[in-house]
There are 2 protein chains.
Amino acid sequence: MVRKKEIHEQRVRGYFIDATKEILKSEGLKSVSVRNIADRAGYSFATLYNYFKDAKELVFHCVEDFRKECLDYATVKAAKQPAGTRHLKALFLAYLEYFVQYPGIYELFFKEALSDIDDNGNTTMLVVSLLPTLCEADWQHIAKQKELSRKEVETSKSALLLGSTGMLSLYLGRRYPSSYASFLKEAENFIDQQLK
Amino acid sequence: MVRKKEIHEQRVRGYFIDATKEILKSEGLKSVSVRNIADRAGYSFATLYNYFKDAKELVFHCVEDFRKECLDYATVKAAKQPAGTRHLKALFLAYLEYFVQYPGIYELFFKEALSDIDDNGNTTMLVVSLLPTLCEADWQHIAKQKELSRKEVETSKSALLLGSTGMLSLYLGRRYPSSYASFLKEAENFIDQQLK
DNA sequence: TTTAAAATTTGAACACTGTTCAATAAATTT
DNA sequence: AAATTTATTGAACAGTGTTCAAATTTTAAA
């Protein structure tokens, strides 16, 4: 009966992961502690170490779930727009909106050090490929319609990833610009410029 | 004799600031602790609280010094290039190089939460204005030579700040791209594209 | 069903962190 | 030299992560 054991293990791991996700969404990374997670999961803090190496490993298990949530959020939000630059722009803005809504998830994706947890770059790929994955179909469409050349698409794709990361870093970390309205305007200016 | 007291106070504050700067440069933000700083400064950890509200306040006093250091570093490094896009590009790459060399200073500038310390956006301005200040003369030159329009200069200026912040976030935080050579190539591509 | 074995859960203990505050030490003034 | 002010300090407390042997629960065997 090795099956039963695995089912139980997966279940308990899920309890810890769910508890961690709750904390990340509501209070942010600073409130994530071994004892805090275990309390929410209904276990002792020591039990956590039977299922995860430490809280960091646990936290990075949330990345996959949040990534999917962000994909869904942006896809739904941009659904009304026609394929191409219009749709791409809507996706881009919804992507930014998601992280502004959940700053704790931004911290997890872009600020939390993963130097310790030997991850083989898996988490990095999940994070870095999120925006490109979201926009892939529209890039195809834009290239097909010859609105931009292949080369231009590549550089724009890269610029969008770098620019969005920079915008979130400055806005969520340094309150620059100081209002959400200014932030949005800057985001629109940026993507309009890059899609020129 | 209020003078003597102030001199002494400034001196001791300097000892703590220097100790903090040493730690930030060598071991990074994770090693900054009240006891660690005080040890290096040659005082008890309790003495720190007589001169600073807490370690965070102390840490942000380092921002000004590092900002100046980065300005000097990039200015010297780009000195050989002729004014304009060539010089601008050299400054941009040196700016990135400085933070790659001292990841602890990058963390301090772009990752450390300043939500707690009510700073009136002073630290934000120091951080955000660094690259624009560095490049100001070259932007003037470029606009004068009509290589780019006023409007184009503004959007490029903004894109450079956002892009550099994003690049450093992804490279230093997520090891993307995985090698420094790739990082440099991406940086060059980005600035060439933005200066089109 | 009772007993033995295996698996799971747990809190004590230790080493770190930040922070406060009363006691000590040093410097200054009287 | 004595009194007063100023500066420095370590003890103490509440957090943090982590380990490990003991206690508990679950499973298997008799």
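Throughout, a chain's letter reflects where its sequence line sits, starting with A, and its residues are numbered from 1.
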Within a reach of under 6.0 Å around NZ of B:Lys25, are more than 12 heavy atoms found that belong to other residues, nucleotides or ligands?
yes
Considering only heavy side-chain atoms of A:Val12, the closest of C:dG11, C:dT9, C:dT19 is C:dT9
Exercise. Report yes if a donor N or O on one partner sits less than 3.5 Å from an acceptor N or O on the other, where the partners are the side chain of B:Arg35 and the base of C:dG18; otherwise report no.
Key: yes
Is the phosphate of D:dT27, meaning OP1 or OP2, less than 4.0 Å from a side-chain N or O of A:His8? no
Of the candidates D:dT18, C:dT9, D:dG10, the side chain of B:Ala46 sits closest to D:dG10
Atom CD of B:Glu9 and atom P of D:dT6 are separated, to the nearest Å, by 12 Å
ask   = With respect to the phosphate group of D:dT8, does any side-chain polar atom (N or O) of B:Tyr51 fall under 4.0 Å of OP1 or OP2?
value = yes
Rounded to whole Å, CG of B:Leu29 lies from P of C:dT17 at a distance of 14 Å
In whole angstroms, the gap separating P of D:dG17 from CG of A:Asp39 amounts to 11 Å
**Prompt:** Checking all strands, does A:Ser33 fall into the base, sugar-phosphate, or nothing category for heavy-atom contacts under 4.0 angstrom?
**Reply:** sugar-phosphate
note: B:Lys30, atom NZ; C:dC16, atom C1'; distance rounded to Å ~ 16 Å
Here the distance between atom P of C:dT19 and atom CG of B:Asn36, to the nearest Å, is 15 Å
The nucleotide from D:dG17, C:dG11, D:dA11 with an atom nearest the side chain of A:Ser44 is C:dG11
Return a table of donor-acceptor pairs under 3.5 angstrom between the side chains of residues 182-191 of chain A and protein atoms on other chains or two or more places apart.
{"unit_1": "A:Ser182", "atom_1": "OG", "unit_2": "A:Ser179", "atom_2": "OG", "d": "2.8"}

B:Tyr49 atom OH is separated from D:dT6 atom P, nearest whole Å, by 24 Å
Assign each of B:Gly42 and A:Phe45 the nucleotide of DNA chain D bearing its closest heavy atom; nearer the 5' end lies the nucleotide of B:Gly42
*B:Phe52 six-ring centre to B:Arg13 NZ/CZ under 6.0 Å and within 45° of normal*: yes
* Within a reach of under 6.0 Å around CD of B:Glu64, are more than 12 heavy atoms found that belong to other residues, nucleotides or ligands? -> no
Whole-Å distance, B:Ile7 CD1 to D:dT6 C1', equals 16 Å
Whole-Å distance, B:Lys56 NZ to C:dT17 P, equals 15 Å
Which of D:dT8, C:dG18, D:dT18 is nearest the side chain of A:Asp54? It is D:dT18
ask   = Tell me, do A:Tyr73 and A:Glu97 make a side-chain contact under 4.5 Å, heavy atoms counted?
value = yes
So what does B:Tyr43 touch, heavy atoms closer than 4.0 Å: a base, only the sugar-phosphate, or nothing? sugar-phosphate
